[in-house]
Amino acid sequence: MTSPRRRALGQPFLADPAVAARIVDTVGATSADLVCEIGAGPGALTGLLAARAGRLLALEIDPVLHARLAAALAG
């Protein structure tokens with residue numbers, strides 16, 4: 001699902017899943033780590049990070065994207 005970009009928030013969204021996977025591999029989070037993702041957006045990295053990190057804190061100030069991300073990752 002494509003998310004609307006808000007110019008005032010300067011939202012460049014990561015769209016390439018291969019790049020997202022390489023970023024998460026580079027982070028190297030383990031189940032012992034707490035990862036903080038600032039500007040989670042539509043969640044290109046969030047789900048991947050959540051699967052690897054022991055805990056994930058994903059921050060998003062856009063209320064529309066926050067609601068979508070919270071719904072997608074509930075549970």
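Only heavy atoms go into these numbers, but all of them, side chains included; no hydrogens, no water, no symmetry mates.
- Remark: T30 engages D33 in a side chain to side chain donor-acceptor pair (under 3.5 Å) (not counting sequence neighbours).
- Between the E60 side chain and the G41 main chain, a donor and an acceptor come within less than 3.5 Å of each other.
- Residue pairs meeting the side chain to side chain donor-acceptor pair (under 3.5 Å) criterion with at least one partner in residues 34-49, sequence neighbours excluded, are E37-T46.
- Considering every non-hydrogen atom in both V35 and A53, the closest pair reads CG2-CB, 3.6 Å.
- Minimum heavy-atom separation, L69 to P42: CD1-O, 3.9 Å.
- Cluster partners of L57, by chain and number: I38, L59. The rule joins Ile, Leu, Val, Met, Phe, Trp and Tyr whenever side-chain heavy atoms lie under 4.5 Å apart.
- Cluster membership for V19 and V24, using ILVMFWY side-chain heavy atoms within less than 4.5 angstrom, is shared.
- Listed by chain and number, the residues in a side chain to side chain contact (heavy atoms under 4.5 Å, CB included) with A44 are L14 (sequence neighbours excluded).
- The stretch residues 47-58 participates, sequence neighbours left out, in these side chain to side chain donor-acceptor pair (under 3.5 Å) pairs: D25-R52.
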